[in-house]
Every structure is written in C-alpha cells, then in structure tokens.
Amino acid sequence: MPDLIKRVKDPIYITEELGKHIRDLFQGVNRQNKKHARITAFIAYVNTKDRLIEYVNYGLPSAFLYSPCTNQIFNLNEGATPSGLIPELPMKKIVFHYEPGSRFIIYTDGLSKTPTPSAIDRSDNIEREFIENVHLDTNDLLQKLLVSRMRHSVINDDICIIAGTLF
C-alpha cells in the first residue's frame, strides 16, 4: 500500500486496492465471520497548488472541514460503506476546492462512541466541540477533544484523530 499511495492520487482506485488487499488477507476466513469483519479509512488527495481535495470516506464517522472565509463547517461523510471483505460495493469520490486556512478533523469511532451501558454516540458533540475550538492550535484542539471524550466513560476502543490546517 505505501508504494501505491506514492504512485496513485485517485482515492477511488486506492480504496478499491485496499479492499482487494484486505480480501486477500482474509481469504481463508469463513463467510459468517467475514460479515462482521470490516475496515474503515479516509482516503484523500490534497492538491495544495490548486487547493483541491478529492476524498472517499470509507466508513469512518463524518470528518469535518471548517472554512474560515465563509465560517462554514462541511461534513465529509460521503464515499462508501465500510467493507473490505465484501467486494464491489458502490463508492463515490467527492471533489471540492478549499480555502487557505481551512481546518479539518478526521477521527475513528473510538472518539465518537462510548461503550455500553451508556452507548452514547457523541458525533454531534464532536462537531460542536470542533466548531467551538477551531481557533486553537492543533495540539490544543486535540487535547480538548480527548479530554471531553474521557469525561463520558472509560475508553475501550482505539482512537485515531488527524487534524490540521490546509494552506
């Protein structure tokens, strides 16, 4: 995959190849177990020269992009259902221009979902917290999101957050 990502810029092609790779890895797994095995990813190509983003959200919670000139938040949630082991599900690549200074956050469901018995989906809170703290530097923004998540319950799932500013 690292070589593919260096050579190819199309998120659809990369996502399809990722799905093939995962299916190859799980070739010997029985069909019943394959139904429950899924991969998720957010695959994007960012062209900083033309300020263009192409992405496929492959089953992650909605990513967010804040546009400073219009003061708008965009949900980056379109693309594909998480699959990996189920071949040929429809995928959609989203292409759009961004403004310099745009902030973004991409995260896994460990940040947005709490374990049972509370089983709270915090997606709306994450969007609100992102908007409220978008002015902070990236480290402080991440700190705020993690501390907020820890207040709700014990963390029993991995959490991955990618945040930054586009120029």
Side chain proximity check, I73 to E127, heavy atoms < 4.5 angstrom: yes
Y107 side chain reached by P61 side chain, heavy atoms, under 4.5 Å: yes
Pairs of donor and acceptor atoms involving the side chains of residues 5-12, under 3.5 Å and at least two apart or interchain, shall be tabulated with distances.
residue: D10; atom: OD1; partner: I12; partner atom: N; Å: 3.3
residue: D10; atom: OD1; partner: K93; partner atom: NZ; Å: 3.0

Parallel, tilted or perpendicular, as decided by the 30° and 60° cut-offs, for the rings of Y55 and F96: perpendicular
Beyond-backbone contact of T15 with I43, side-chain heavy atoms, under 4.5 angstrom: yes
Pairing residues for F130 by the ring-ring contact (aromatic ring centres under 6.0 Å, His included) criterion, not counting sequence neighbours: none
Any V95 side-chain heavy atom under 4.5 Å of I53 side chain: no
Listing, residues 134-142 side-chain donor-acceptor contacts under 3.5 Å, not counting sequence neighbours, or none:
residue: H135; atom: ND1; partner: E132; partner atom: O; Å: 3.3
residue: D137; atom: OD1; partner: N139; partner atom: N; Å: 3.1
residue: D137; atom: OD1; partner: D140; partner atom: N; Å: 2.9
residue: T138; atom: OG1; partner: R103; partner atom: NH2; Å: 3.4

Test side chain to side chain contact (heavy atoms under 4.5 Å, CB included) applied to L60 and I106, step by step: CA-CA 8 Å; L60 283 179; I106 305 162; 4.1 Å; yes
Separation between CD1 of I105 and CD1 of I126, rounded to the nearest 0.5 Å: 7.0 Å
Distance-minimising heavy-atom pair for Y98 and L52: CE2-N, 3.5 Å
Trace of the side chain to side chain contact (heavy atoms under 4.5 Å, CB included) decision for L111 with I161: CA-CA 8 Å; L111 184 65; I161 309 171; 3.8 Å; yes
pair L166-T48: side-chain heavy atoms closer than 4.5 Å: no
Please list, one pair per line, the donor and acceptor atoms closer than 3.5 Å that link side chains of residues 62-72 to other protein atoms, with sequence neighbours excluded.
residue: Y66; atom: OH; partner: N71; partner atom: OD1; Å: 2.6
residue: S67; atom: OG; partner: T70; partner atom: OG1; Å: 3.2
residue: S67; atom: OG; partner: E99; partner atom: OE1; Å: 2.5
residue: S67; atom: OG; partner: E99; partner atom: OE2; Å: 3.3
residue: T70; atom: OG1; partner: Q72; partner atom: OE1; Å: 3.4

Residues that E17 engages under side chain to side chain contact (heavy atoms under 4.5 Å, CB included), provided they are two or more places apart: L4, Y13, K20
T40 and Y58: CA distance, side-chain angles, deciding distance, side chain to side chain contact (heavy atoms under 4.5 Å, CB included) verdict: CA-CA 5 Å; T40 59; Y58 196 46; 5.8 Å; no
T108 (side chain) donor-acceptor with C160 (main chain) under 3.5 angstrom: yes
Nearest non-hydrogen partners of A41 and L18, listed with the distance: CB-CD2, 4.1 Å
Criterion side chain to side chain contact (heavy atoms under 4.5 Å, CB included) on F104 and I162, from CA distance to verdict: CA-CA 8 Å; F104 69 90; I162 301 171; 3.9 Å; yes
E129 vs K144 side-chain heavy atoms within contact, under 4.5 Å: no
Residues in side-chain hydrogen bond (donor to acceptor under 3.5 Å, both in side chains) contact with D50, at least two apart in sequence or another chain: N47
